[in-house]
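Reviewing the structure listed below.
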Amino acid sequence: MEKIKVLFVCLGNICRSPAAEGSFRKLIQEKNLGSHVSVDSCGTAGYHIGELPDPRTRKTAAKRGINLTHKARKFTAPKDFQDFDYILCMDKSNYSQVQQLTPEEDYLKKVFLFRIFDSERGFEEIVPDPYYGSIEDFEEVQNIVERASLGFLNFLIQEGKLKS
Ligand code: 4NP
């Protein structure tokens, strides 16, 4: 089976998308699906290229047993559309920025709002930006990305892309 390639996207690639990447990778490893899935993250902006995730993101992830070592990079078109099967965006701004960069309409079916996979989202469709917030906001992001990771894994299984 070909590997499923998943890309998480936020603005700076130092808070939400590395948290999502780490959370989804941990889940995949726990389910012994590591050889079937590859995971990466990036940002629509280049402010923090080459940096490790924000210390608050790393601290929050570490409390859940996740070590984040990703270095920030910027979303690159057309390469990221070609390289990835699922492009999961944290908010509507990231989502529309990515959509605007597509060289082919067909790639748009790869692009989703990640929060639609959160079982407790209610009417919320976005993972809120915690950058100017408190440590509680980072904890909330971690909770959201963990639930949405589980929802996305179940979606892949239901779609027949992965075996449970
Ligand atoms: P992220 O959060 O998009 O979740 O990585 C942000 C990180 C940096 C900035 C904004 C949001 N910034 O303005 O530098």
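Counting convention: from 1, in listed order, for ligands and their atoms alike. This one's a predicted model, so the numbers in the text were calculated from it and none came from an experiment. What's counted below: heavy atoms across the whole structure, side chains too, no hydrogens, waters or symmetry copies. The residues of the chain are indexed from 1 along the displayed sequence.
A salt bridge is absent between Glu125 and Arg121; no separation between the charged side-chain nitrogens and carboxylate oxygens falls under 4.0 Å.
Residue-level contacts of ligand 1 at the 4.0 Å heavy-atom threshold are Cys10, Leu11, Gly12, Asn13, Ile14, Cys15, Arg16, Tyr47, His48, Asp129, Tyr131, Tyr132.
In this structure, Phe81 has its ring center closer than 6.0 angstrom to the ring center of Phe75.
Judged by the 6.0 Å distance and 45° axis criteria, Arg16 is not positioned over the aromatic ring of Tyr131.
A salt bridge (Lys or Arg N to Asp or Glu O under 4.0 Å) with Asp40 holds for exactly one of Lys5, Arg73, Lys71; it is Arg73.
Ring orientation note: the planes of Phe155 and Phe152 are close to parallel, at an angle under 30° on the 30°/60° scale.
For Glu30, the CD atom counts as densely surrounded, since its 6.0 Å shell holds more than 12 non-hydrogen atoms of other residues, nucleotides or ligands.
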